[in-house]
Amino acid sequence: MAQTNNSSTLTLEKKRSLSPESTEEVRVLGIAEYEQAAQCLAEAFAVDEVARYFIDMEDMATYSEEYKWKMHCDILRYVTAAHCYKGIVTTIGPDYDAVALWMPPGKNMDDLWTILRSGMWRLWYKLSSEGKTRFYNEFLPLLHHTKHDIMGPRDDDSYYLVYLGSKPSARGKGYAKKLIEHMTARADLENRATYLESSAHSNMTYYEKYGFEQKIDIQLVRGPKPIKLHIMVREPQPVAESSKGKAGQSVRVGTL
């Protein structure tokens, strides 16, 4: 989850301006803004079954909701930081209202240096015994092997939408649409597929509008009931010659 050097077509660009006009544009975040991005995702996935899968367990039953919320936020802080270092983190809105975490082709966050500086190593000490089993022995291997099986030789040559979420107060403003199209436009120009796991069946119809197709469902099975993840893939769409230059001007996906 190596990035193609396509600077002649696309320029990665970090936008810091928060003028009214720029807040409606997608911008790429660096590590200095990872906490704000993570907070957006924490709010977006506050009651998501997959996000809570590592927290709502019998061996966490005596812990307060305040403690569990902090754990939820910490997980997303570490994951977001890792994507700032090795992937692409994009946002839109005046207050980080929607955020997407992407892994571009050939990249992943599994190397030791990224694990150390992102804080991902802390999860081993913060998760409960069952939480560690679910995260390290079930969740991560299941996602890794499923992506490899579905994408085959394209596994390291595709874009991976790892997280996409909007704050409850910002939903219905078209932010998620802009975040998706911002990166799929790049994938189309590079003739690459885009892969995602949806934790909500209700979101599948939404993703289908942007060219994603369901491939298979997988399940997390260590909880009281199985939790499904819906695997979807978007094949690259043809890009008309007349629109290539236009796309190159409007899709600015910044240098990491």
Checklist entry - Out of curiosity, does L112 fall in the hydrophobic cluster containing M103 (side-chain heavy atoms, cut-off under 4.5 Å, transitive links)? => result yes

Checklist outcome for this item: Closest non-hydrogen atoms of R117 and Y85, given as atom of the first, atom of the second and distance, are CZ-CD2, 3.3 Å

Checklist outcome for this item: When rounded to the nearest 0.5 Å, the distance separating CG of D149 from CD1 of I231 is 10.5 Å

Next on the checklist: Tell me whether L140 shares a hydrophobic cluster with V50, the cluster being built from Ile, Leu, Val, Met, Phe, Trp, Tyr side chains joined at under 4.5 Å.
Outcome noted: yes

Checklist entry - Are side-chain heavy atoms of I75 and F45 found at a separation under 4.5 Å? => result no

Next on the checklist: Looking at Y67, I'd like to know if its OH atom is crowded, meaning that more than 12 non-hydrogen atoms belonging to other residues, nucleotides or ligands lie closer than 6.0 Å.
Outcome noted: yes

Checklist entry - Is the Y125 ring parallel, tilted or perpendicular to the W121 ring (thresholds 30°, 60°)? => result perpendicular

Next on the checklist: Between R192 and P105 (side chain of the first, backbone of the second, donor and acceptor by atom type, cut-off under 3.5 Å), is there such a pair?
Outcome noted: no

Next on the checklist: Regarding S128 and D59, do their side chains bring together a donor and an acceptor under 3.5 Å, going by distance alone?
Outcome noted: yes

Item to check | Contact check, side chains of L29 and Y96, non-hydrogen atoms, under 4.5 Å | outcome: yes

Next on the checklist: Taking salt bridge (charged side-chain N to carboxylate O under 4.0 Å, His left out) as the definition, give me every residue that meets it alongside E65, ordered by chain and number, with sequence neighbours left out.
Outcome noted: R52, K68

Checklist entry - Hey, are the side chains of L229 and L143 touching, using non-hydrogen atoms and a 4.5 Å cut-off? => result yes

Checklist entry - Knowing that exactly one of L164, D97, V99 qualifies, which makes a side-chain contact (heavy atoms from CB on, under 4.5 Å) with Y175? => result D97

Next on the checklist: V79 vs M120, test: side chain to side chain contact (heavy atoms under 4.5 Å, CB included). Steps then yes/no.
Outcome noted: CA-CA 7 Å; V79 171; M120 288 293 293; 3.9 Å; yes

Next on the checklist: With rounding to the nearest 0.5 angstrom, report the CD to CZ distance, E235 to F212.
Outcome noted: 10.5 Å

Item to check | Non-hydrogen side-chain atoms of Y136 and L127 separated by less than 4.5 Å | outcome: yes

Next on the checklist: For Y159, does the six-membered ring have the charged nitrogen or CZ of R186 within the cation-pi criterion, i.e. under 6.0 angstrom from the centroid and within 45° of the normal?
Outcome noted: no

Next on the checklist: Applying salt bridge (Lys or Arg N to Asp or Glu O under 4.0 Å) to R154 and D157, what does each step give before you reach the verdict?
Outcome noted: CA-CA 5 Å; R154 300 188 298 170; D157 193 34; over 6 Å; no

Item to check | Closest contact, heavy atoms only, M183 versus I88 | outcome: CE-CG2, 3.7 Å

Checklist outcome for this item: For A44 and S166, the nearest pair of non-hydrogen atoms, with its separation, is CB-O, 3.3 Å

Checklist entry - Under 4.5 Å between any side-chain heavy atoms of H72 and W69, yes or no? => result yes

Checklist entry - More than 12 non-hydrogen atoms from neighbouring residues, nucleotides or ligands closer than 6.0 Å to CH2 on W124, yes or no? => result no

Item to check | Which residues share a salt bridge (charged side-chain N to carboxylate O under 4.0 Å, His left out) with D111, sequence neighbours left out | outcome: K86

Checklist entry - Distance only, no hydrogens: is a donor on one side chain within 3.5 Å (strictly under) of an acceptor on the other, for E43 and Q39? => result yes

Checklist entry - Any donor-acceptor pair under 3.5 Å linking the side chain of K178 with the backbone of E24? => result yes

Item to check | Side chain proximity check, K126 to Y78, heavy atoms < 4.5 angstrom | outcome: yes

Checklist entry - Given side chains that start at C-beta, do those of F54 and R134 come closer than 4.5 Å, heavy atoms only? => result yes

Checklist entry - Hey, are the side chains of V233 and E213 touching, using non-hydrogen atoms and a 4.5 Å cut-off? => result no

Next on the checklist: Checking V89 against Y34 for the side chain to side chain contact (heavy atoms under 4.5 Å, CB included) test, could you report, in this order, the C-alpha distance in whole Å, the side-chain angles of both residues, the deciding distance, and whether it holds?
Outcome noted: CA-CA 8 Å; V89 179; Y34 87 97; over 6 Å; no

Checklist entry - At their closest point, which heavy atom of G30 faces which heavy atom of C84, and how far apart are they? => result O-SG, 3.7 Å

Next on the checklist: For residues F135 and V221: do they belong to one hydrophobic cluster (side chain heavy atoms under 4.5 Å, members Ile, Leu, Val, Met, Phe, Trp, Tyr)?
Outcome noted: no

Next on the checklist: Can you give me the closest heavy-atom contact between W102 and L179, atom names plus distance?
Outcome noted: CZ2-O, 3.6 Å

Checklist entry - Which pairs pass side-chain hydrogen bond (donor to acceptor under 3.5 Å, both in side chains) with one or both residues in residues 215-228, sequence neighbours excluded? => result E49-K225, E130-R222, Q214-D217, D217-H230

